[in-house]
Amino acid sequence: MANYSRDKREWGQGTNRKGTKGFWRGQRGPQRGHEKSGIELTGKKTPAPVRYSESGNYKSQGQLQHPSPYKGWSLYFASEDYSPFSNHLKKIEAFQKYFISCECLFLEQNIEARGYFEVDFNDLVTYHVILESLPELASDLTDAPEATINCLGLGMYQMISASNKDPGHVVHVVHARIINYTDIVPLKNLRANYYGKFVAVKGTVIRVSNVKPLCTKMAFECSTCSSTVTVVLPDGKYTLPTACSNHECKGRNFTPQRGSKLTETIDWQTIRIQEIVGDNQTESGRIPRTVDCEITYDLVDTCVPGDIVTICGVVKVSSVEKSHPGKGPKDNTIYTLYVNANSITNSKGKNTRKYKSKNLAIDADFTSEELEAIEEIQKEPDLFKLIVHS
């Protein structure tokens, strides 16, 4: 075998048993034609393909499945099998104790009907149960926000499921919303070093998009055996299945089933906030900084342009699509930062009242000052003259 050394593990061209030339493929396993010779090439092992059953549960080949005592484990950790040695268990147990101790506070929120619950950050990290069990919770929330927030949601989900005595009742996902996060990051300091971290930003809403459907789980049909494979789409990124759910099928062609009951979509919206510049922070020669935020589920349509909001969420990146003149799209390494919102605190909503229009069957939010101004305008004898001079 020319150009190959068992000691140095070199890759090259040689001859197989039939005398014809063959190639060794890097990091693919044994040489072609020598599968039974006992000679194997070292390299990185290809991970087992991710398979999803028709129910959408994650499966991994060659891995022992442990029964989970948490009914909603697959809802919050879809890409991770339950393990009795998981690092999440300690957090989930501590959060359950916290919820039980403050049960009266969370019962007022009507969590199951709304689909979310609010957790005050200061109350959480200073509670004695959390201080004893999770002294590093503040840093864990900053550095590993998604896992920590999922542990909060699963702890509440477990409490709701345990309190429900109806065996046929299905509890849907409840989302944990972190409010009053202390460290507010100015937009001018929001750089690449915050990628993947939990932050709080404050600004004025200047743009709100329409609400659009975002697919979070897609069902595919195998073209060979017509089996259904369900794939979780993280952040809505379209991903094809790597293998069929039928272990005997070797099909690799799949057709998306957008109308399937296993396909799930959620409400999705983007907003843009602009930094609030004080009199002592003016920077001549530049426009105020902005950042885009993605909001989903119950957070959509919670603010309008002009509102001053505080958004807590995870900093993520999205690729910038660019193409050169006369050429096709190029692989780009330029990304833009955005905030995947976990909670929105609207300063306008703290002092608002519902105003029911007599002529239109709609509800509108007005502050006390706006209502007083409307009443003053209504008292004007000549409204047309007021409008002309406005």
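For the pair Gln257 and Thr255, the minimum side-chain heavy-atom distance is below 4.5 Å. Between Phe95 and Ile130, some side-chain heavy-atom pair lies under the 4.5 Å cut-off. Side chains of Tyr82 and Pro69 form a contact here, defined as non-hydrogen atoms less than 4.5 Å apart. Counting heavy atoms from C-beta on, the side chains of Leu262 and Thr228 come closer than 4.5 Å. Side-chain contact check for Leu190 versus Val315: some heavy-atom pair is nearer than 4.5 Å. Within the 4.5 Å cutoff, no side-chain heavy atoms of Val119 are placed close to those of Arg177. Counting heavy atoms from C-beta on, the side chains of Glu221 and Pro256 never come closer than 4.5 Å. Put simply, the side chain of Tyr127 does not reach to within 4.5 Å of the side chain of Asn122, judged on heavy atoms.
Defined by atom type and a distance below 3.5 Å, a donor-acceptor pair is present between the side-chain atoms of Glu112 and His169. A donor-acceptor contact under 3.5 angstrom links the side chains of Thr142 and Tyr181, judged on distance only. Side-chain polar atoms of Asp307 and Asn346 form a donor-acceptor pair below 3.5 angstrom.
Summarising the geometry, atom CD1 belonging to Ile178 is positioned 11.0 Å from atom OG1 belonging to Thr345; distances are rounded to the nearest 0.5 Å. For the atom pair CD1 of Ile377 and CD of Glu375, the computed distance is 10.5 Å after rounding to the nearest 0.5 Å. A distance of 4.0 Å separates CD1 in Ile266 from OH in Tyr297, rounded to the nearest 0.5 Å. Taking CZ from Arg272 and OG1 from Thr204, the interatomic distance works out to 14.0 Å, rounded to the nearest 0.5 Å. A distance of 9.0 Å separates CZ in Phe254 from OG in Ser227, rounded to the nearest 0.5 Å. How far CD of Glu136 is from CG of Leu141: 13.0 Å, rounded to the nearest 0.5 Å.
Using a distance-only test at 3.5 Å, with no hydrogens or angles considered, no donor-acceptor pair links the side chain of Ser343 to the main chain of Ala341. Formation of a donor-acceptor pair under 3.5 Å by the Asn342 side chain with backbone atoms of Ala176 is found in this model. Panel note: side chain Thr270, backbone Glu294; no donor-acceptor pair is recorded below 3.5 Å. Under the 3.5 Å distance criterion, the side-chain polar atoms of Thr302 are matched with a main-chain donor or acceptor of Leu299. No donor-acceptor distance shorter than 3.5 angstrom exists from the side chain of Gln158 to the backbone of Gly72, with no hydrogens or angles considered. At least one donor-acceptor pair closer than 3.5 Å links the side chain of Ser223 to the backbone N or O of Asn253. Looking at Thr230, its side chain never comes within 3.5 Å of a backbone N or O of Lys217 through a donor-acceptor pair. Ser133 places no side-chain N or O within 3.5 Å of a backbone atom of Ala94 that could act as its donor or acceptor partner.
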Residues Tyr70, Leu154; criterion side-chain contact (heavy atoms from CB on, under 4.5 Å); working and verdict: CA-CA 8 Å; Tyr70 299 100; Leu154 182 54; 4.2 Å; yes
task: Using the side chain to side chain donor-acceptor pair (under 3.5 Å) rule, take Asp120 and Asn180 through it: C-alpha gap first, then chi angles, then the decisive distance, then the call.
output: CA-CA 6 Å; Asp120 191 288; Asn180 294 333; 2.4 Å; yes
message: Test side-chain contact (heavy atoms from CB on, under 4.5 Å) on Ile271 and Arg207; report intermediate values, then the result.
response: CA-CA 6 Å; Ile271 64 174; Arg207 181 179 297 175; over 6 Å; no
- request: Dump the intermediate steps for side-chain contact (heavy atoms from CB on, under 4.5 Å) on Val231 and Met218, then the final yes or no.
  value: CA-CA 5 Å; Val231 179; Met218 177 71 75; 5.5 Å; no
- request: Could you check Glu275 against Thr290 for side-chain contact (heavy atoms from CB on, under 4.5 Å), going step by step and ending with a plain yes or no?
  value: CA-CA 6 Å; Glu275 65 179 345; Thr290 61; over 6 Å; no
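Placement of Ile311 and Val317 within a single hydrophobic cluster is found when ILVMFWY residues are connected by side-chain heavy-atom separations under 4.5 Å, directly or transitively. In the hydrophobic clustering of ILVMFWY residues, with side-chain heavy atoms under 4.5 Å counting as a link, Met156 and Val173 come out together. The hydrophobic clustering, which links ILVMFWY residues whose side-chain heavy atoms are closer than 4.5 Å, places Ile179 and Val339 apart. When the side chains of ILVMFWY residues are joined at heavy-atom separations under 4.5 Å, either directly or via intervening members, Leu131 and Leu152 end up in two distinct hydrophobic clusters. Using a 4.5 Å cut-off between side-chain heavy atoms of Ile, Leu, Val, Met, Phe, Trp and Tyr, with links allowed through other members, Trp268 and Ile295 fall into different hydrophobic clusters.
Environment of CG in Asn210: sparse, with no more than 12 heavy atoms of neighbouring residues, nucleotides or ligands closer than 6.0 Å. Crowding of Asp143 atom CG: a count of heavy atoms from other residues, nucleotides or ligands under 6.0 Å exceeding 12. Counted within 6.0 Å of OH on Tyr238, heavy atoms from surrounding residues, nucleotides or ligands total more than 12; the atom is thus considered enclosed.
Between Phe117 and Phe99, the distance separating the two ring centers is shorter than 6.0 angstrom.
The two residues Cys303 and Val205 have their closest heavy-atom pair at SG-CG2, 4.1 Å. When all heavy atoms of Ala243 and Val229 are compared, the closest pair comes out as O-CG1, 4.1 Å. The two residues Trp73 and Glu80 come nearest to each other via the heavy atoms NE1-O, 3.0 Å. For Ala219 against Thr263, the heavy-atom pair with the smallest separation is N-OG1, 3.2 Å. In terms of heavy-atom proximity, Gln269 sits nearest to Ser209 at NE2-O, 2.7 Å. Minimum interatomic distance between Ile160 and Ile111 (heavy atoms only, all atoms of both residues): CD1-CG2, 3.9 Å.
Ion pairing between Glu146 and Lys316 holds under the 4.0 Å rule for side-chain N and carboxylate O. Between Asp298 and Arg114, no side-chain nitrogen of the basic residue sits less than 4.0 Å from a carboxylate oxygen of the acidic one, so the salt-bridge criterion is not met.
Counting only residues at least two apart or in different chains, salt bridge (charged side-chain N to carboxylate O under 4.0 Å, His left out) contacts with residues 150-161 are absent.
Ring planes of Tyr76 and Tyr157: perpendicular class, angle over 60° (limits at 30 and 60°).
The only member of Asn189, Leu187, Val309 that meets side-chain contact (heavy atoms from CB on, under 4.5 Å) when paired with Val201 is Leu187.
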